[in-house]
Amino acid sequence: SQKIEQNSEALNIQEGKTATLTCNYTNYSPAYLQWYRQDPGRGPVFLLLIRENEKEKRKERLKVTFDTTLKQSLFHITASQPADSATYLCALETGGGYQKVTFGTGTKLQVIP
Amino acid sequence: GAGVSQSPSNKVTEKGKDVELRCDPISGHTALYWYRQSLGQGLEFLIYFQGNSAPDKSGLPSDRFSAERTGGSVSTLTIQRTQQEDSAVYLCASSLAGLAGLAKNIQYFGAGTRLSVL
């Protein structure tokens with residue numbers, strides 16, 4: 001079955017720098033991959049979706065890449081701000097006849113002022 | 001409503017009791033998902049509804065767990081004879097998509113129900 005790996009250790013980064021989070025998967029390449037943000041005590045919030053035929057997607061300060069050869073997606077936040085501190089989850093479409101996704105365990109990002 | 005609503009937000013129960021968790025999805029969303037999230041862990045898929053039917057119940061951990069959805073809207077997750085290992089946050093999500101062939105499946109989550117089994 002598909003295994004999704006996100007760095008379980010928290011990522012601490014200085015304000016203004018670019019944060020890069022990694023999502024690796026082990027088996028087949030999904031039709032699409034999503035990134036969500038989760039704040040403490042809240043449900044995840046959708047950020048970006050990237051399809052398998054797209055190499056890169058951008059939204060404001062966010063950028064997602066998708067490399068089906070490396071079986072990896074990178075999530076970048078440029079000019080990071082303390083308000084970006086949260087846990088970021090990747091989610092992969094896992095087929096099964098409907099649009100089911102499987103979530104990774106998430107990486108906690110802490111932006112230090 | 002404006003977003004996915006879950007109730008109660010917190011539930012403390014004694015081991016062996018039954019609990020019911022409710023999810024009110026975004027109006028018009030045909031797909032509904034239940035997940036479980038233990039402290040510091042990722043989201044564990046439990047069950048998926050398309051309309052009132054549940055084509056995928058593969059994530060339900062035991063026969064103590066059941067869920068239903070009525071009127072294509074509100075869903076209830078029931079846990080019978082609760083155990084301490086059931087303690088977690090139970091999250092509900094809804095989406096417009098849910099059928100094969102559609103490219104997007106953006107899930108909108110509620111704030112969750114924090115279940116504590118003593």
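Naming convention: chains lettered A, B, ... in sequence-line order (proteins, then strands); numbering from 1 in each chain.
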**Student:** Is it true that, when you exclude B/Leu118 itself, more than 12 heavy atoms of the residues, nucleotides or ligands shown sit nearer than 6.0 Å to its CG?
**Tutor:** yes
**Student:** Examine whether an atom of B/Ser38 lies under 4.5 Å from a heavy atom of chain A, and if so say whether it belongs to the side chain, the backbone or both; otherwise answer neither.
**Tutor:** neither
**Student:** In the single-linkage hydrophobic clustering (I, L, V, M, F, W, Y; side-chain heavy atoms under 4.5 Å), do A/Leu89 and B/Val89 co-cluster?
**Tutor:** yes
**Student:** Might you confirm whether atom CD of A/Gln14 has over 12 heavy atoms from other residues, nucleotides or ligands at distances under 6.0 Å?
**Tutor:** yes
**Student:** Spell out, yes or no, whether A/Tyr88 and A/Val101 are grouped together once hydrophobic residues are joined by side-chain heavy atoms under 4.5 Å, including indirect joins.
**Tutor:** no
**Student:** Looking at A/Glu9, I'd like to know if its CD atom is crowded, meaning that more than 12 non-hydrogen atoms belonging to other residues, nucleotides or ligands lie closer than 6.0 Å.
**Tutor:** no
**Student:** Can you name the closest pair of heavy atoms from B/Gln107 and A/Tyr36 and give their distance?
**Tutor:** N-OH, 3.1 Å
**Student:** So which of A/Ala31, A/Ala91, A/Gly43 has the largest heavy-atom pair count under 4.5 angstrom toward chain B?
**Tutor:** A/Gly43
**Student:** Please determine, by modelled atom types, if A/Gln38 and B/Gln37 share a side-chain donor-acceptor pair under 3.5 angstrom.
**Tutor:** yes
**Student:** Among B/Phe109, B/Tyr108, B/Tyr35, which residue meets the side-chain contact (heavy atoms from CB on, under 4.5 Å) test with A/Pro44?
**Tutor:** B/Phe109
